[in-house]
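Heads up, the thing below is written out as structure tokens.
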Amino acid sequence: MILIMVLANSSLAQINFNSVSVNVGQINTLFPDVELYSNHQHAFYSELEVDAEIAVTYIRGGVYWGYWNDGLDHLSVRDAVYYSFKSHIVGTRFTFLPNKLFNNWLLPFGIFAGAAHHFVSASCVGGFDFIGNTCSSDLYEDYTRNINTLEVGLSSEIHIFGPLKIQGKVNQFFPLGDNEFDRRQKNRRAYKVGLVLSL
């Protein structure tokens, strides 16, 4: 136990929190290939991340929180009940920064990988089925799903002035499960730009 505590304290001592970033962009919605939602394939996405150098300058770890909401409130459809989806995403990333390791590396890109947990909420918002049931029916209750994914992506930063940088990120999710909502994470990407404040 004492050895574990010493190792934990040693690891924490080597973690230097060095930046906070706020990013906005878009993320693919869950059902872009379903005709009912074909005009709602993307949603506004916001993300807050805290990063730290871990032991070496070319490896950076971070934790983040993201949120998206498809904003769906009305569709002109017949014989269908439809839902609006939103999700909080909590995750962690580790970024490899080649330009911190190789002096002659010219491209200002980092390569990251991580894992995320998606708290998905679905709300019935309108329509009626072929026998007239609507959202008020017990058949169409609101529900939630919890999804775990891996992710990989690219990031880039450009210094503006002082402690501020402009950041761009793109990441791809990969589901860890195999139910319908897990499979919907395949080919989902998020594209973001934002500001980084160095601490």
Side-chain angles (χ1 to χ4, degrees), residues 15-33 37-54 56-73 84-121 147-176 181 184-199:
I15 297 176
N16 300 310
F17 292 98
N18 62 358
S19 68
V20 177
S21 62
V22 177
N23 298 284
V24 294
Q26 70 174 25
I27 189 170
N28 298 109
T29 53
L30 291 174
F31 298 93
D33 57 334
Y37 301 102
S38 60
N39 293 325
H40 299 269
Q41 298 185 6
H42 302 94
F44 177 77
Y45 180 66
S46 57
E47 188 178 279
L48 174 67
E49 183 170 356
V50 178
D51 287 330
E53 288 183 357
I54 301 179
V56 292
T57 59
Y58 54 86
I59 299 293
R60 189 166 65 192
V63 292
Y64 73 91
W65 164 83
Y67 176 78
W68 63 268
N69 185 337
D70 63 18
L72 188 63
D73 58 7
S84 176
F85 297 91
K86 59 184 178 182
S87 177
H88 293 272
I89 304 174
V90 178
T92 184
R93 299 182 178 118
F94 292 91
T95 305
F96 170 57
L97 303 167
N99 60 340
K100 298 284 188 180
L101 181 61
F102 306 111
N103 292 329
N104 58 349
W105 187 270
L106 300 178
L107 299 176
F109 291 104
I111 304 166
F112 64 84
H117 186 81
H118 305 245
F119 302 87
V120 180
S121 298
I147 303 166
N148 294 309
T149 62
L150 300 177
E151 62 172 79
V152 297
L154 296 174
S155 65
S156 182
E157 295 178 355
I158 299 174
H159 182 258
I160 308 174
F161 61 86
L164 291 178
K165 300 176 184 177
I166 294 177
Q167 179 183 74
K169 282 189 175 183
V170 57
N171 59 291
Q172 166 83 53
F173 295 107
F174 298 93
L176 292 177
F181 268 80
R184 287 295 167 181
Q185 301 298 322
K186 292 181 179 179
N187 301 318
R188 287 194 77 208
R189 297 183 181 92
Y191 306 86
K192 298 150 286 182
V193 295
L195 288 175
V196 180
L197 174 64
S198 298
L199 303 176

Would you indicate whether the side-chain heavy atoms of [Y] and [X] approach each other to under 4.5 Å?
| X | Y | value |
| --- | --- | --- |
| Phe94 | Ile54 | yes |
| Phe174 | Thr149 | no |
| Leu199 | Val20 | yes |

Listed pairs under 3.5 Å, donor-acceptor, residues 44-52 side chains, sequence neighbours left out:
{"residue": "Tyr45", "atom": "OH", "partner": "Glu47", "partner atom": "OE1", "Å": "2.8"}
{"residue": "Glu47", "atom": "OE1", "partner": "Arg93", "partner atom": "NH2", "Å": "3.1"}
{"residue": "Glu47", "atom": "OE1", "partner": "Lys192", "partner atom": "NZ", "Å": "3.4"}
{"residue": "Glu47", "atom": "OE2", "partner": "Arg93", "partner atom": "NH1", "Å": "3.0"}
{"residue": "Glu47", "atom": "OE2", "partner": "Arg93", "partner atom": "NH2", "Å": "3.3"}
{"residue": "Glu49", "atom": "OE1", "partner": "Arg93", "partner atom": "NH1", "Å": "2.8"}
{"residue": "Glu49", "atom": "OE1", "partner": "Lys169", "partner atom": "NZ", "Å": "2.6"}
{"residue": "Glu49", "atom": "OE2", "partner": "Lys169", "partner atom": "NZ", "Å": "3.3"}

Taking all atoms of both residues into account, what is the closest heavy-atom pair of [X] and [Y], and its distance?
| X | Y | answer |
| --- | --- | --- |
| His42 | Thr29 | C-CG2, 3.7 Å |
| Thr95 | Ser155 | CG2-OG, 4.0 Å |
| Arg189 | Asn28 | N-OD1, 2.7 Å |
| Val120 | Ser87 | CG2-OG, 3.8 Å |

Inter-residue atom distance [X].[atom1] - [Y].[atom2], 0.5 Å rounding:
| X | Y | atom1 | atom2 | value |
| --- | --- | --- | --- | --- |
| Leu154 | Phe109 | CG | CZ | 7.0 Å |
| Asp70 | Leu30 | CG | CG | 8.0 Å |
| Asn148 | Gln185 | CG | CD | 10.0 Å |
| Thr92 | Glu151 | OG1 | CD | 9.0 Å |
| Phe85 | Leu72 | CZ | CG | 9.0 Å |
| Leu164 | Leu195 | CG | CG | 6.5 Å |

Taking it one step at a time, do Val56 and Lys100 satisfy side-chain contact (heavy atoms from CB on, under 4.5 Å)? CA-CA 9 Å; Val56 292; Lys100 298 284 188 180; over 6 Å; no
Under the ring pair (Phe, Tyr, Trp, His ring centres under 6.0 Å) test, residues paired with Tyr67 that sit two or more places apart: His88
Sequence neighbours left out, what passes salt bridge (Lys or Arg N to Asp or Glu O under 4.0 Å) with Arg184? Give chain and number order.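 With sequence neighbours excluded, Arg184 shows a salt bridge (Lys or Arg N to Asp or Glu O under 4.0 Å) to Asp33, Glu180, given in chain and number order.
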Tell me whether the rings of Phe31 and Phe181 are parallel (<30°), tilted (30 to 60°) or perpendicular (>60°). perpendicular
Checking side chain to side chain contact (heavy atoms under 4.5 Å, CB included) between Gln167 and each of Ser156, Ser21, Ser19, which is the one that passes? Ser21
Using the side-chain contact (heavy atoms from CB on, under 4.5 Å) rule, take Phe112 and Val152 through it: C-alpha gap first, then chi angles, then the decisive distance, then the call. CA-CA 6 Å; Phe112 64 84; Val152 297; over 6 Å; no
